Undergrad: 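My questions will all concern the structure given below.
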Amino acid sequence: MVKELTDDTFETATSKGVSLTDFWATWCGPCRMQSPVVEQLDEEIGDKVSFGKVDVDQNTKVASEFGIMSIPTLLIKKDGQVVDTLIGYHPKEQIQAKLEQYL
């Protein structure tokens, strides 16, 4: 299950290993399309990658800190450092290929 992250838990949750965070909002149509893809990836490779999601309406601090201007935005971090950003909807295969680069 993809973890719900907040302004308070984001840094700790994404500080070690490879993580993918889905920045989203309840009113965003493309976000509702992206969410099941992220859930499926979590089920398949959640032992290698930490998956989380941040509601940008509820957690403005972390969204602002990373300059999230469009959603969905998928932020990939490795050992606490941002290594890639995907903006807009992306199919499972494309996200998985990106993540494999950092494993």
Side-chain angles (χ1 to χ4, degrees):
M1 178 163 217
V2 176
K3 292 182 225 111
E4 291 279 345
L5 303 178
T6 66
D7 286 341
D8 297 330
T9 62
F10 178 79
E11 276 309 314
T12 306
T14 62
S15 64
K16 290 184 174 64
V18 177
S19 66
L20 180 141
T21 305
D22 178 9
F23 287 85
W24 70 289
T26 54
W27 48 264
C28 166
C31 298
R32 287 194 298 269
M33 290 169 47
Q34 189 69 76
S35 190
V37 173
V38 173
E39 294 278 351
Q40 190 175 15
L41 282 166
D42 180 46
E43 287 175 24
E44 292 176 13
I45 59 171
D47 57 331
K48 296 187 257 180
V49 178
S50 171
F51 289 89
K53 57 195 303 177
V54 173
D55 183 333
V56 296
D57 290 335
Q58 305 295 320
N59 301 282
T60 56
K61 182 178 153 240
V62 72
S64 174
E65 185 179 323
F66 289 95
I68 306 299
M69 304 296 265
S70 301
I71 52 175
T73 292
L74 303 176
L75 193 71
I76 301 171
K77 291 175 81 178
K78 182 168 184 170
D79 297 326
Q81 300 298 311
V82 176
V83 292
D84 220 325
T85 305
L86 302 169
I87 299 171
Y89 172 83
H90 291 277
K92 179 182 142 190
E93 296 75 22
Q94 193 175 9
I95 299 167
Q96 193 163 2
K98 279 284 183 197
L99 290 169
E100 296 290 336
Q101 294 175 18
Y102 305 108
L103 293 174

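Owing to the predicted nature of the structure, the values given are computational and were not obtained by experimental measurement.
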Undergrad: Atom CE of Met1 and atom CD of Glu43: how far apart are they, to the nearest 0.5 Å?
TA: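 Rounded to the nearest 0.5 Å, the CE-CD separation comes out at 10.0 Å.
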Undergrad: Rounded to the nearest 0.5 Å, how far apart are CD1 of Ile68 and OG1 of Thr85?
TA: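 Nearest 0.5 Å value for the CD1-OG1 distance: 6.5 Å.
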Undergrad: Please answer whether the main-chain N or O of Leu74 pairs with a side-chain N or O of Asp22 as donor and acceptor at a distance below 3.5 Å.
TA: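 It does not hold such a pair.
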Undergrad: Is any side-chain heavy atom of His90 less than 4.5 Å from a side-chain heavy atom of Lys98?
TA: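 No; the side chains remain at least 4.5 Å from each other.
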Undergrad: Check whether any side-chain N or O of Thr73 sits under 3.5 Å from a backbone N or O of Ser70 as a donor-acceptor pair, and report yes or no.
TA: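 Confirmed, Thr73 side chain pairs with Ser70 backbone.
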Undergrad: State whether the side chain of Asp57 and the backbone N or O of Ala25 hold a donor-acceptor pair below 3.5 Å, judged by distance alone.
TA: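 Not confirmed, Asp57 side chain does not pair with Ala25 backbone.
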Undergrad: Taking the side chain as every heavy atom from C-beta outward, state whether Ile95 and Lys92 have any atom pair closer than 4.5 Å.
TA: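 Sidechains of Lys92 and Ile95: no contact.
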Undergrad: Within the structure provided, determine whether Lys53 and Val38 are in side-chain contact (heavy-atom separation under 4.5 Å).
TA: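 They are not in contact (no side-chain heavy atoms under 4.5 Å apart), so the answer is no.
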Undergrad: Which class fits the ring pair Phe10 and Phe23: parallel under 30°, tilted 30 to 60°, perpendicular over 60°?
TA: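 Taking Phe23 first and then Phe10, their aromatic rings sit tilted (interplane angle of 30° to 60°).
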Undergrad: Hey, does Leu5 have a side-chain heavy atom less than 4.5 Å from the side chain of Thr14?
TA: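 SC-SC contact between Thr14 and Leu5 confirmed.
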Undergrad: Are side-chain N/O atoms of Ser50 and Lys16 paired as donor and acceptor at under 3.5 Å?
TA: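 No, no side-chain donor-acceptor contact under 3.5 Å.
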Undergrad: Can you name the salt bridge (charged side-chain N to carboxylate O under 4.0 Å, His left out) partners of Glu4, sequence neighbours left out?
TA: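 In terms of salt bridge (charged side-chain N to carboxylate O under 4.0 Å, His left out), with neighbours along the sequence ignored, Glu4 is linked to no residue.
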